[in-house]
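Before any comments, here is the structure.
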Number of protein chains: 2
Amino acid sequence: MDDPEPLNVGLLLFIPYRAMEARVFAGLAAAGFDDFTPAQARVFQRLAPQGSRLTELAAQAGLTKQTVGFLVDQLERAGYVERMPDPRDGRARLVRIAERGWRTIPVAAGIVAEVEAEWADHLGNRRMEQLRAILADLRTVTDPYR
Amino acid sequence: MDDPEPLNVGLLLFIPYRAMEARVFAGLAAAGFDDFTPAQARVFQRLAPQGSRLTELAAQAGLTKQTVGFLVDQLERAGYVERMPDPRDGRARLVRIAERGWRTIPVAAGIVAEVEAEWADHLGNRRMEQLRAILADLRTVTDPYR
DNA sequence: TAATTAAGTCAGAGTGTCGTACTATCGTCA
DNA sequence: TGACGATAGTACGACACTCTGACTTAATTA
C-alpha cells in the first residue's frame with residue numbers, strides 16, 4: 001500500500017529470522033517438545049557437544065550469567081540439559097545436552113532443513129548459497145564472540 | 001576453537017540483526033533518547049507516516065493487541081507518539097509519530113547508514129547489494145503481512 | 001599466604017508478553 | 001431499522017524474561 005522506501009537491513013534480517021524461529025517452535029511442539037521457549041532455545045542452541053560453561057554461554061548469547069543460569073535451570077528441570085562439575089575448574093560446572101535434549105536435535109534440524117529448502121526454492125539455489133556465504137562472512141564483523 | 005559445522009541460517013540472520021539493534025540503541029541513547037526500549041522500537045519502526053492502527057501494528061510486529069497497546073502507552077508517555085481518533089472508524093484510533101518521535105528518525109537513520117557502510121566495507125558493495133536484494137526477496141515468503 | 005580475579009548463585013525489581021474477558025462501534029441483512 | 005455477528009481497542013491477571021547488586025567458593029597471582 002505504501003512502501004516506496006526500502007526497509008533497513010536490520011528489519012530485513014529480523015523478518016526471516018523470526019519466521020524460521022516460529023516454524024521450528026511449532027514443529028518441536030508438534031513433536032511433543034512443547035515446553036521449550038524461545039529464550040531457552042537461544043541458549044540451548046549454543047551448547048557445545050562436550051558441554052559449555054555458563055559464563056561462556058552468557059557471553060555468546062549476549063545475556064548475563066544470572067539470566068542464563070535461570071534459563072538453564074528450566075532446561076534442566078525439563079530434562080533437556082544436565083549440569084556436571086567441570087573437571088578442570090572447581091568453580092565451574094559444565095552444561096551438557098541430556099538425553100531428551102539430544103532427541104530434539106534431529107527434529108529441529110529437519111525443520112530447519114525444510115524451511116531452508118523452501119527458501120532455496122523461492123530464491124534459487126545459487127542465491128541461497130550466496131545468502132549463506134554473505135551472512136557467514138558478516139558474522140566476522142558482527143559477532144563479538146568469534 | 002570448534003566450529004566445523006556451519007550455523008543454521010536462522011542464527012546467522014540473528015547475529016547481525018542483534019548487532020544492528022545494539023548499535024542503534026547505543027546511538028539513540030547517546031543522542032539523548034535514552035528511554036526507548038527495543039520492544040518499543042520494534043513497534044515504532046513500523047508506524048506508517050500517516051499513522052497506524054493498533055491492530056495493524058500488532059499483526060505486522062507479530063504481537064498481540066494488548067502488548068502493542070502497552071508499548072504504545074509507554075511511547076506516548078515519553079512523547080514519541082500520539083493517539084488520535086481515526087476519522088474513518090469510530091472504534092479505531094490512529095497512532096502517529098509525535099514531535100519527539102520525528103526527531104529520533106534522522107538519528108536512527110544516520111546510525112543505520114553508518115553500520116551499513118561498515119558492512120559494505122567488509123563485504124564489498126556488490127555483495128552488500130546482493131544481501132539487501134536477497135533479503136527483500138525472502139521477505140515475500142517470510143513476512144505473512146505483505 | 002594474602003589479595004585479586006573468575007564462576008556461579010541468590011534476592012529483588014522492572015519489563016515484556018500473553019490469555020481471557022469486556023465495551024464500544026461497525027457492517028449487514030432480514 | 002434494528003438485531004446480530006465481527007472488529008478495534010482496553011482491563012486485568014499471570015507468567016516469562018532480563019537486569020543490578022550482593023554474595024560464596026575456588027583459582028590465580030604476587
Side-chain angles (χ1 to χ4, degrees), chain A residues 14 18 21-22 25-26 28-29 33-48 51-78 80-96 145, chain B residues 14 18 21-22 25-26 29 33-48 50-78 80-96 145:
Chain A
F14 181 70
R18 178 113 170 192
E21 188 178 76
F25 272 87
L28 284 173
F33 302 108
D34 56 350
D35 46 352
F36 209 54
T37 66
Q40 289 167 26
R42 286 193 277 271
V43 168
F44 184 82
Q45 192 168 203
R46 311 209 187 216
L47 285 171
S52 304
R53 293 188 188 178
L54 215 52
T55 306
E56 197 182 341
L57 288 171
Q60 286 177 30
L63 299 170
T64 60
K65 297 184 289 179
Q66 296 89 321
T67 298
V68 174
F70 174 79
L71 295 169
V72 168
D73 283 347
Q74 298 171 213
L75 286 166
E76 191 174 25
R77 257 196 312 276
Y80 291 117
V81 306
E82 58 199 358
R83 282 193 245 228
M84 52 176 303
D86 184 337
R88 290 175 318 193
D89 189 332
R91 295 167 301 178
R93 299 165 75 190
L94 290 176
V95 181
R96 274 202 322 194
Y145 203 70
Chain B
F14 181 71
R18 178 114 166 191
E21 188 179 76
F25 273 87
F33 302 109
D34 56 350
D35 48 351
F36 209 55
T37 65
Q40 288 166 28
R42 286 193 276 272
V43 168
F44 184 82
Q45 192 169 204
R46 312 208 186 219
L47 284 171
Q50 348 74 273
S52 304
R53 293 187 188 181
L54 215 51
T55 306
E56 197 182 342
L57 289 172
Q60 286 177 30
L63 299 170
T64 60
K65 296 185 291 181
Q66 298 89 315
T67 299
V68 174
F70 174 79
L71 296 169
V72 168
D73 283 347
Q74 298 170 213
L75 286 166
E76 191 174 25
R77 258 196 311 277
Y80 292 116
V81 306
E82 59 199 357
R83 281 193 246 230
M84 54 176 300
D86 184 335
R88 290 175 317 191
D89 187 334
R91 295 167 301 178
R93 300 165 74 190
L94 290 175
V95 180
R96 274 201 322 193
Y145 204 71

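Order of the sequence lines sets the chain letters (A, B, ...), proteins ahead of strands, with each chain counted from 1. Because the structure is a prediction, the values reported are computed rather than measured. Because only heavy atoms are used, hydrogens play no part in the values below, and waters and symmetry mates are left out as well, while side chains stay in.
Two residues, A:G69 and A:R91, neighbour DNA chain C, and the one matched to the more 5' nucleotide by heavy-atom proximity is A:R91. Residue whose closest nucleotide on DNA chain C sits further toward the 5' end, between A:D89 and A:D73: A:D89.
When the P atom of C:dG16 is taken as reference, atom CG of B:D35 falls 11 Å away, rounded to whole Å. In this structure, CG of A:L57 is placed 16 Å from C1' of C:dT9, rounded to the nearest angstrom. Residue B:F36 contributes atom CZ, which lies 16 Å from atom C1' of C:dG16 at whole-angstrom precision. One can place CZ of A:R88 at 12 Å from P of C:dA7, the figure rounded to the nearest angstrom. For the pair B:R53 CZ and C:dT25 P, the computed distance is 15 Å after rounding to whole Å. Atom CG in B:L54 sits about 15 Å away from atom C1' in C:dT23, given to the nearest Å. We find that CG of A:D86 is positioned 16 Å from P of C:dA6, with the value rounded to whole Å. Summarising the geometry, the separation between CZ on A:R93 and P on D:dA26 is reported as 13 Å, rounded to the nearest angstrom.
Minimum heavy-atom separation, A:Q60 to A:R46: O-NH1, 3.1 Å. Of all heavy-atom pairs between B:A58 and B:V68, the closest is CA-CG2, 3.6 Å. Of all the heavy atoms in B:Q50 and B:L94, the pair that sits closest is O-CD1, 4.3 Å. Summarising the geometry of A:L54 relative to A:V95, their closest heavy-atom pair is CD1-CG2, 4.4 Å, with the distance given to 0.1 Å.
The backbone N or O of B:D86 sits nowhere less than 3.5 Å from a side-chain atom of B:R53 that would complete a donor-acceptor pair.
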Review item, side-chain donor-acceptor pairs of residues 34-41 of chain A, under 3.5 Å, at least two apart:
residue: A:D35; atom: OD1; partner: A:Y80; partner atom: OH; Å: 2.8
residue: A:D35; atom: OD1; partner: A:R100; partner atom: NH2; Å: 3.2
residue: A:D35; atom: OD2; partner: A:R100; partner atom: NH1; Å: 3.2
residue: A:T37; atom: OG1; partner: A:Q40; partner atom: N; Å: 3.2
residue: A:T37; atom: OG1; partner: A:Q40; partner atom: NE2; Å: 3.4

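Of the candidates D:dG9, C:dA7, C:dC26, the closest approach to any side-chain atom of B:T55 belongs to D:dG9.
Between A:F14 and B:R42, some side-chain heavy-atom pair lies under the 4.5 Å cut-off.
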Next on the checklist: For nucleotides 17-22 of chain D, give me one character per nucleotide, 5' to 3': B if any protein heavy atom sits under 4.0 Å from the base, S if the only such contacts are to the sugar-phosphate, - if neither.
Outcome noted: SBBBB-

